[in-house]
Amino acid sequence: MTTVMRGLGERVTDLRRAFDESFGASPESAPEETIDILAIRISGDAYGFDTRGLASLAPSPRVVPVPSRRLGLVGLVGIRGTLVPAYSLGVLLGYEPSRSPARWLALAGSPDPIAFGFDELEGFLRVNASDVRPLTSRRHISATAHTEKITRMVVDTHGLVAALKAVAGSSSMTKEQ
Amino acid sequence: MNAQAWTFGKKIALGFGLAVAMLLVVGGVAYRSTDALIENNHRVTHSHEVLEGIGHVLSLMKDAETGQRGYLLTGNDAYLEPYLAAKGSLAEAVATLRALTTDSPAQQARITQATPFIEAKLAELQRTIDLRRTVGLDAALKVVESNEGKKSMDDLRGVMAGMDKEERALLKERGDAAEAGAKNAETTIALGALLALLAVSAAGYVITTSLNRQLGSAVSSIRSASAELEAAASQQATGSREQSSATSEVSTTIRELLSTSKQIADSAQRVARIAEDTAVGARSGDATVQRAQEAIGGIKRQVDLVVAHMLELGKKSQQAGGILEIINELAEQTNILAINATIEAAGAGEAGKRFAVVADEIRKLADRVGGSTKEIRGLVEDIRAAVNTTVMATEVGTKAVDAGTRHFAEVTTSFREIAGLVATTTDAAREIELSTKQQSTAVEQVNVAISSVAQATKESEASASQTLQTVTQLTSLSRDLLQLVQESAG
């Protein structure tokens, strides 16, 4: 009991010191060019979003299901007063549809964003640009990022958004005709 | 009922009773026979009186006829005296005869039949007398010669002869009955006397035989008992000698016992002293245990207080866990905001680079907060686990304290019981001491009593010798009595 309390006190002291020091530290000088990756997992496989292609990240959204034959469309979701179509990123990448609703939504594309749902958010990674290598052999994957002994697939958000919008546009034109 | 078991008195009373019963029977029969004989004699006498009455009537009639004849022959009134006397007595004689034959209707009828003949004869006699006196002899003889008087007299004689005959038949019958009754009484008395004699003789024989047998058996038993008594007296004499020897040994043993009793009394006295010391120690131990129990009670209260504090600490740690959840949530939200800020900054291009730095710092801080929150949650969980373990350990301690309290209570009770038992032991030791002293006194008394017993044994030995002598005499006496009985029986 005493050991636990002592450990807790030491940890609190460390946190306070780190917190205080963070304000006293000077800004990093001439950092190497980096790319920020939002690390996620789909069915246990490591993926990532290039944050430059994302609009925002939203937790636990309430997706309203809509009947559709579009691949991966799971419904509509309200984000900051705007209705956004939500797709299952796993289905779009060729995985089986998940039975539970997605815990996270990553929005991409503007001015009309599209939401990509996934279950597991690993965190925020900052990798050197040299560790990110383009990949064209796989659909909807733009590159691979090598971090901490793991090769992570970087989702091609621009391509996905363009493809989905293209499909949506063709279908709306078909309806107008 | 077993006749063999009867007493002599009963048997003798039975014999005399039988004889008296037979005498009573014979006497009764004799009395009845005598009574019947007297009755028959009365009847015979009565028949004689009737015969006499019949003869008297006929005699009076003859007297009357004799007087009439004398007067007719002489004319002298002096010859009329028999006639007048008979005439005056006839009525009474006939009445007497009628009274005597009231038990026989046939005789009464004959008297009634004879009465007209008597009256006719008397009338014929009176007429001839009157004719002789007034007319003369011839006139009177003519009446006589008419046979009127003779016929009446003959009829009267015939009736009287019938009466006489019947009465004589009755007389013979009554005489025969009297003779038969007398013979019957004689036979009954003779037979009864003979039977009584036989019964009394048989009873006497039976009683004598039985008495001889029983007396003989009793005398034999006495003889046998005397022999056994003789043997017993011999054994008693031997036993008395052995008892005398044993009494000496007992006396020696009792002296040793007396010595041992004194040693026991000394030991009991020492035990009593030790028991008193033990009682003092037990009382002191009781007080010590009492204080220890009070201390245990204080520990129990403190442990209860600790348990209460630990439970409170558990609750507080739960609350801290809740707060940590909020902090964690805040950190996650901050992290998301920081990520979004980073995204926005990246989208802003060059203008957002400085903002991106801040957002990165915020994100790092949020990451650290999240990590720290997880660590703190782990620590809080450790605290809660430690609190739970401590509470459980404290509860075990409480139970141990409770058990200790109970054990101390039991120890206290045991000490009290020990104190009580020691007091009892002290009392018992004192009682043993007292009892042993009393026992010593009693043993001394027993020693004296044993000496008396030794003296009594010697006297008993002498008495047994005397008994043996007496029994020998009794055996001789029973032998003589048996010979006497056997001789009398033989």
Side-chain angles (χ1 to χ4, degrees), chain A residues 1-31 33-40 49-61 79-80 103-110 113 121-126 157, chain B residues 306 309-310 313-314 317 320 324 327 329 331-349 352-354 356-391 393-394:
Chain A
M1 180 77 185
T2 312
T3 312
V4 171
M5 295 301 288
R6 191 164 52 240
L8 186 62
E10 287 173 358
R11 185 60 189 157
V12 169
T13 307
D14 292 345
L15 282 172
R16 179 165 294 282
R17 188 171 55 246
F19 184 75
D20 293 341
E21 284 175 355
S22 67
F23 291 100
S26 57
E28 292 176 5
S29 55
E33 190 177 356
T34 56
I35 296 172
D36 292 335
I37 300 289
L38 190 64
I40 65 170
F49 285 110
D50 187 344
T51 54
R52 291 172 298 184
L54 291 178
S56 67
L57 176 70
S60 305
I79 303 289
R80 293 175 185 169
R103 291 186 60 213
W104 298 94
L105 287 177
L107 276 68
S110 61
L121 174 65
E122 283 193 287
F124 188 88
L125 298 175
R126 177 161 289 171
T157 50
Chain B
V306 167
H309 286 315
M310 292 308 290
L313 185 59
S317 65
L324 273 176
I327 293 170
E329 231 172 275
E332 281 185 358
Q333 291 291 337
T334 308
N335 196 20
I336 292 163
L337 284 174
I339 289 168
N340 282 325
T342 306
I343 292 167
E344 288 292 342
K353 273 194 175 176
R354 293 183 64 183
V357 172
V358 176
D360 192 44
E361 291 295 334
I362 292 170
R363 186 186 52 75
K364 284 179 182 172
L365 186 60
D367 272 346
R368 281 210 299 276
V369 169
S372 301
T373 307
K374 283 179 186 170
E375 283 183 21
I376 292 167
R377 188 189 293 130
L379 289 170
V380 169
E381 287 298 323
D382 289 344
I383 289 168
R384 287 173 62 185
V387 166
N388 286 336
T389 307
T390 309
V391 167
T394 314

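Lettering follows sequence order; numbering is per chain, from 1. Nothing here was measured: the structure is a model prediction, and the numbers come from that model.
- For A:Leu107, no part lies under 4.5 angstrom from a heavy atom of chain B.
- With sequence neighbours excluded, the residues that form a salt bridge (Lys or Arg N to Asp or Glu O under 4.0 Å) with A:Asp36 are A:Arg126.
- For residues 336-345 of chain B, no residue pair satisfies the salt bridge (charged side-chain N to carboxylate O under 4.0 Å, His left out) rule, not counting sequence neighbours.
- Contact detail for A:Leu38 and A:Thr51: the closest heavy-atom pair is N-CG2, 4.1 Å.
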**Message:** Using the rule given for side chain to side chain contact (heavy atoms under 4.5 Å, CB included), can you reason through B:Asn335 versus B:Arg363, listing the C-alpha separation, both sets of side-chain angles and the distance that settles it, and then say yes or no?
**Reply:** CA-CA 5 Å; B:Asn335 196 20; B:Arg363 186 186 52 75; 3.2 Å; yes

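- Ranked by heavy-atom pairs under 4.5 Å with chain B, the list A:Gly53, A:Gly123, A:Ser56 is led by A:Ser56.
- In this structure, chain A has a heavy atom under 4.5 Å from the side chain of B:Asp360, while its backbone stays farther away.
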